[in-house]
Amino acid sequence: MHTGEGAALWGLILGLLTLSIPALAITGIQVWLKGRKARLSLPGMVHAEHAETILLVASESGSTLGFARALGLALQEVGGSVHLAPLAAYAPDRYAAAKQVLVLAATWGNGDAPVAARGLDARLAATPPHPRAKMAILGFGDRSFPAFCAFAERLDHAARQAGWSMLLPLERIDRQSAQAFARWSRDLGQVIGYPLDILHQPEMPRSTPLRLVSRQDYGEALQAPTAILTFALPQVSLRDRLAGRGFSRFHAGDLLGILPVGSAIPRFYSLASGTADGFVEIVVKKQSGGLCSGQLMDLEPGQMVRAFIKPNPGFRPDRSKAPLLLIGAGTGIGPLAGFIRANRGKRPIHLWFGARHPQADFLYADALEGWSSQGHLASLNTAFSRTAARQHVQDRLRTDADRVRHLVGQGARIMVCGGRDMATGVRETLAEILAPLGLCPDQLRAGGRYAEDTY
């Protein structure tokens, strides 16, 4: 954009604001700004048909895109011609001058692809490869999750299935390791004939101070201290409000990145609130030796932490009126409570929640009762493992199997949040329950009717 055009645009925006523009106009400006931000580019980037290196990226939060840009710039510095694009733009028939196609792909959640790259593994497998170029795939993920770099693995399998020749074996980068990326770039450089030695340190997201307003404590009697922490909604700049960034727009189920004192590595907590609620809320359990959870559990009202928003669009309710089945245990209730609070009776929501004891760690007990009476929640189904019944949430689902089948038969969507072991048990239990319908969780997931957020 030329300088004059930029000044004219911002003059128009400010003029509209002065006239108290309607919400529709604000939305249009937000869409325009987001569209410009979404474009991938490099200084001096060439068109796809002229590039010897095609650099494709699948990034959820933007960190993998940062590594892709660092790689593209390094290739340009040694004389290479590069085209950078999202993986969704994959089109080998357009890469007339390509010698190599490099794919950098993040995995998040339970082995999921970034939202914009869903289904790309199937597309890659079904598309004929480039007649001359070779491919390399680099995965990004977190080794503490069992499905570490699973999306990159699926892409690698699909590429080989399609007939691509691979420059390097699949490599995996754990938690954005700059050292591992430098090693991979050196190996790549040796194969393609360019001296590459890239040390890229991901930029930390811009954080905002949050002030704790209130806390509700649970679990002390069970030696499992847990708290619902509610922070004041921070002030948002005009620029961020127009662009829909940060705390100007977030949803229950998005992630709150907390920067603990003494560490440069953020910890993420699922949000139990959205912007419309007017506050920022998370549920935290104190972990033995946990730096961030310990600091959060020591917070008193009025004290501050630094935080930022990380969108999590793959874990949000759709906008249909079909029944919504929410299943969670422990702190996994957080985003589920946020979904219920925002429902306003628009759709039937049924919650299955597991905890240890109703008098010790029944999180949101009073709120859930109120939401039930207000019509936000159609049914509440609980399971407690430290009572005489000794039930887990999977056991309660088996008890309610007929009702679960009936709701799924009506087109219900299922959302699960909590520990990985719990989520695995729920998945196996639902497979048993839904077998008479000829369905399973994987089929529902493929149809957009099953989502998990696990830790």
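Atom set for the values below is all heavy atoms of this structure, side chains included, hydrogens, waters and symmetry mates excluded.
- Judged purely by atom type and a 3.5 angstrom limit, Gln443 uses its side chain to pair as donor or acceptor with the backbone of Cys440.
- Counting non-hydrogen atoms of neighbouring residues, nucleotides and ligands closer than 6.0 angstrom, the CD atom of Gln235 reaches no more than 12 such neighbours.
- Closest of all the heavy-atom pairs between Met422 and Ala329 is CG-CB, 3.9 Å.
- Of all non-hydrogen atoms in Leu233 and Phe247, the two that sit nearest each other are CD1-O, 4.1 Å.
- Between the side chains of Asp197 and Ser185, no donor-acceptor pair of N or O atoms lies under 3.5 Å.
- At least one side-chain heavy atom of Ile327 sits less than 4.5 Å from a side-chain heavy atom of Leu397.
- With ring centers used as reference points, Phe67 lies under 6.0 Å from Phe140.
- Remark: side-chain polar atoms of Arg344 are not paired, donor with acceptor, to backbone N or O of His376 under 3.5 angstrom.
- The local environment of CG in Asp298 is crowded, with over 12 non-hydrogen atoms from other residues, nucleotides or ligands closer than 6.0 Å.
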Item to check | Trp352 and Asp400: CA distance, side-chain angles, deciding distance, side-chain hydrogen bond (donor to acceptor under 3.5 Å, both in side chains) verdict | outcome: CA-CA 10 Å; Trp352 281 263; Asp400 298 335; 2.8 Å; yes

Checklist entry - Is there a ring pair (Phe, Tyr, Trp, His ring centres under 6.0 Å) between Phe268 and Phe308 once you walk through the steps? => result CA-CA 9 Å; Phe268 293 97; Phe308 60 91; 5.8 Å; yes

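- Side chains of Asn343 and Trp371: a donor-acceptor N/O pair is absent below 3.5 angstrom, by distance only.
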Next on the checklist: Run Leu296 and Val305 through side-chain contact (heavy atoms from CB on, under 4.5 Å) and show every step you take.
Outcome noted: CA-CA 8 Å; Leu296 287 171; Val305 294; 4.0 Å; yes

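- One finds the CD atom of Glu171 at 6.0 Å from the CD1 atom of Ile173 (value rounded to the nearest 0.5 Å).
- Salt bridge status for Asp240 with Arg206: present, with a side-chain N to carboxylate O gap under 4.0 Å.
- Residue Ala68 comes nearest to Leu55 through the heavy atom pair O-CD2, 3.1 Å, listed as atom of the first residue, atom of the second, then distance.
- Between Leu87 and Leu155, the closest side-chain pair of non-hydrogen atoms falls below 4.5 Å.
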Checklist entry - For Lys310 and Glu60, what are the C-alpha separation, side-chain angles and deciding distance, and is it a salt bridge (charged side-chain N to carboxylate O under 4.0 Å, His left out)? => result CA-CA 9 Å; Lys310 180 179 179 181; Glu60 183 63 33; over 6 Å; no

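- Side-chain N or O atoms of Arg123 include one that pairs as donor or acceptor with a backbone N or O of Tyr90 at under 3.5 Å.
- In this structure, Gly314 and Arg413 approach most closely via the heavy-atom pair O-NH2, 4.1 Å.
- With hydrogens and angles left out, the side-chain atoms of Thr331 and Tyr455 include a donor and acceptor closer than 3.5 Å.
- Atom CG of Leu324 sits about 8.0 Å away from atom CZ of Phe339, to the nearest 0.5 Å.
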Item to check | Audit row: Phe362, Tyr218, ring pair (Phe, Tyr, Trp, His ring centres under 6.0 Å) steps and yes/no | outcome: CA-CA 8 Å; Phe362 188 176; Tyr218 300 81; 8.8 Å; no

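- For Ser320 and Arg347, the side-chain atoms include at least one donor-acceptor pair closer than 3.5 Å.
- Pairing each heavy atom of Ala451 with each of Phe315, the nearest pair is O-CE1, 3.8 Å.
- Asp142 has its side chain out of reach of Trp108: every pair of non-hydrogen atoms, C-beta onward, lies at least 4.5 Å apart.
- Screening Leu255, Val280, Asp277 against Leu271 for a side chain to side chain contact (heavy atoms under 4.5 Å, CB included) leaves a single residue, Val280.
- In this structure, Pro43 and Leu73 have side chains that are in contact, with non-hydrogen atoms separated by less than 4.5 Å.
- At distances below 3.5 Å, not a single donor-acceptor pair connects side-chain atoms of Asp453 with backbone N or O atoms of Cys417.
- A donor-acceptor contact under 3.5 angstrom links the side chains of Glu281 and Thr230, judged on distance only.
- Using a distance-only test at 3.5 Å, with no hydrogens or angles considered, a donor-acceptor pair links the side chain of Asp361 to the main chain of His357.
- If you take OG1 on Thr275 and NE2 on His251, they are separated by 6.5 Å, rounding to the nearest 0.5 Å.
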Next on the checklist: What verdict does the side-chain contact (heavy atoms from CB on, under 4.5 Å) test give for Met304 and Phe231, after you've listed the backbone C-alpha separation in whole Å, the side-chain angles of each residue and the deciding distance to 0.1 Å?
Outcome noted: CA-CA 9 Å; Met304 313 285 282; Phe231 299 89; over 6 Å; no

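- Using a distance-only test at 3.5 Å, with no hydrogens or angles considered, no donor-acceptor pair links the side chain of Ser263 to the main chain of Pro260.
- The main-chain N or O of Gly111 is found under 3.5 Å from a side-chain atom of Arg154 such that the two form a donor-acceptor pair.
- One finds the CD atom of Gln216 at 7.5 Å from the OH atom of Tyr364 (value rounded to the nearest 0.5 Å).
- In this structure, Arg267 and Leu291 have side chains that are in contact, with non-hydrogen atoms separated by less than 4.5 Å.
- Here the closest heavy-atom approach between residue Gly253 and residue Asn312 is recorded as O-ND2, 3.0 Å.
- Looking only at distances, a side-chain donor or acceptor of Thr387 sits under 3.5 Å from a matching main-chain atom of Phe384.
- At distances below 3.5 Å, at least one donor-acceptor pair connects side-chain atoms of Gln303 with backbone N or O atoms of Glu300.
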Item to check | Audit row: Arg386, Leu222, side-chain contact (heavy atoms from CB on, under 4.5 Å) steps and yes/no | outcome: CA-CA 9 Å; Arg386 298 287 182 88; Leu222 299 169; 4.0 Å; yes

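- Contact of the Gln391 side chain with the Thr399 side chain is registered, since non-hydrogen atoms from C-beta on lie closer than 4.5 Å.
- Side-chain contact, Ser379 with Arg403: a donor N or O sits under 3.5 Å from an acceptor N or O.
- Atom CG of Leu444 and atom CG of Leu430 lie 8.5 Å apart (nearest 0.5 Å).
- Annotation: side chain of Leu363 is in contact with side chain of Thr226 (closest heavy-atom distance under 4.5 Å).
- With hydrogens and angles ignored, the 3.5 Å screen pairs a side-chain donor or acceptor of Asn381 with a backbone N or O of Leu351.
- Heavy-atom neighbours of Glu432 CD from other residues, nucleotides or ligands within 6.0 Å: above the threshold of 12.
- Within 6.0 Å of atom NE2 in His157, 12 or fewer heavy atoms from other residues, nucleotides or ligands are found, so the atom counts as exposed in its surroundings.
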Next on the checklist: Under the criterion salt bridge (charged side-chain N to carboxylate O under 4.0 Å, His left out), I'd like the reasoning laid out for Arg249 against Asp254: C-alpha separation, chi angles, the key distance, then a yes or no.
Outcome noted: CA-CA 10 Å; Arg249 180 178 297 177; Asp254 285 346; over 6 Å; no

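- Contact check for Asp217 versus Met297: side-chain heavy atoms found under the 4.5 Å cut-off.
- Taken to the nearest 0.5 Å, the CG atom of Leu434 stands 8.0 Å off from the CZ atom of Arg405.
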Checklist entry - Can you check side-chain contact (heavy atoms from CB on, under 4.5 Å) on Leu439 and Val408, steps first, answer last? => result CA-CA 9 Å; Leu439 293 173; Val408 172; 3.9 Å; yes

